[in-house]
Amino acid sequence: MKRTIITVVGHDTVGIIARVCTYLAQNNINILDISQTIVQEYFNMMMIVDMNRAEKSFGEIAEELTQLGEQIGVIIKCQSEEIFSQMHRI
């Protein structure tokens with residue numbers, strides 16, 4: 001399984017989850033786990049997704065999610081699970 005960590009951070013507005021999830025569905029990316037919180041007016045979401053069925057490369061998806069984030073006023077980052085785990089281990 002090609003698991004990827006996607007984070008979304010920014011000012012809370014209507015439709016953030018819908019836009020991100022729509023993009024993932026259109027690209028055959030399955031959401032395995034999702035957590036989101038709003039602290040005051042700031043939105044924060046972390047997703048673990050499976051990219052096995054995605055037809056685009058990791059780089060293309062990461063770039064398109066960055067562009068989507070710019071369109072909706074949030075920052076979207078993608079990291080492979082292996083890199084994420086290595087960066088956050090103690």
Side chain to side chain contact (heavy atoms under 4.5 Å, CB included) between Thr37 and Phe43, intermediate numbers included: CA-CA 6 Å; Thr37 58; Phe43 176 87; over 6 Å; no
Does [X] share a hydrophobic cluster with [Y], counting links as ILVMFWY side-chain heavy atoms below 4.5 Å and allowing steps through other members?
X     : Y     : result
Val20 : Val9  : no
Ile38 : Ile72 : yes
Tyr42 : Ile75 : no

Thr7 vs Met45, side chain to side chain contact (heavy atoms under 4.5 Å, CB included): CA-CA, chis, key distance, verdict: CA-CA 6 Å; Thr7 57; Met45 179 168 64; over 6 Å; no
For Ile34, is the CD1 atom crowded, meaning more than 12 foreign heavy atoms sit under 6.0 Å from it?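 Buried by this count: over 12 neighbours within 6.0 Å.
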Only pairs at least two apart or in different chains count here, so list each salt bridge (Lys or Arg N to Asp or Glu O under 4.0 Å) that has a residue in residues 15-43. none
Residue list, side chain to side chain donor-acceptor pair (under 3.5 Å) with Ser57, at least two apart or on another chain: Glu60
Any sub-3.5 Å donor-acceptor pair from Asn52's side-chain atoms to Lys2's backbone N or O? yes
Please assess Met47 against Ile5 for the test side chain to side chain contact (heavy atoms under 4.5 Å, CB included), listing each intermediate value before the final yes or no. CA-CA 6 Å; Met47 308 170 91; Ile5 310 300; over 6 Å; no
For Ile31 versus Cys21, what's the shortest heavy-atom pair and its separation? CD1-SG, 3.6 Å
Smallest heavy-atom separation, Ile6 atom then Val49 atom, equals CD1-CG2, 3.8 Å
Do the side chains of Ile16 and Val8 get nearer than 4.5 Å, heavy atoms only? yes
Less than 4.5 Å apart, side chain to side chain, heavy atoms only: is that true for Gln36 and Ile17?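 Side chain of Gln36 against side chain of Ile17, heavy atoms only: contact under 4.5 Å found.
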Donor-acceptor contacts, no H, no angles, side chain residues 61-69, under 3.5 Å, sequence neighbours left out:
from: Glu63; atom 1: OE2; to: Gln67; atom 2: NE2; distance (Å): 3.0
from: Glu64; atom 1: OE1; to: Tyr23; atom 2: OH; distance (Å): 2.6
from: Glu64; atom 1: OE1; to: Lys56; atom 2: NZ; distance (Å): 2.7
from: Glu64; atom 1: OE2; to: Lys56; atom 2: NZ; distance (Å): 3.2
from: Thr66; atom 1: OG1; to: Ala62; atom 2: O; distance (Å): 2.9

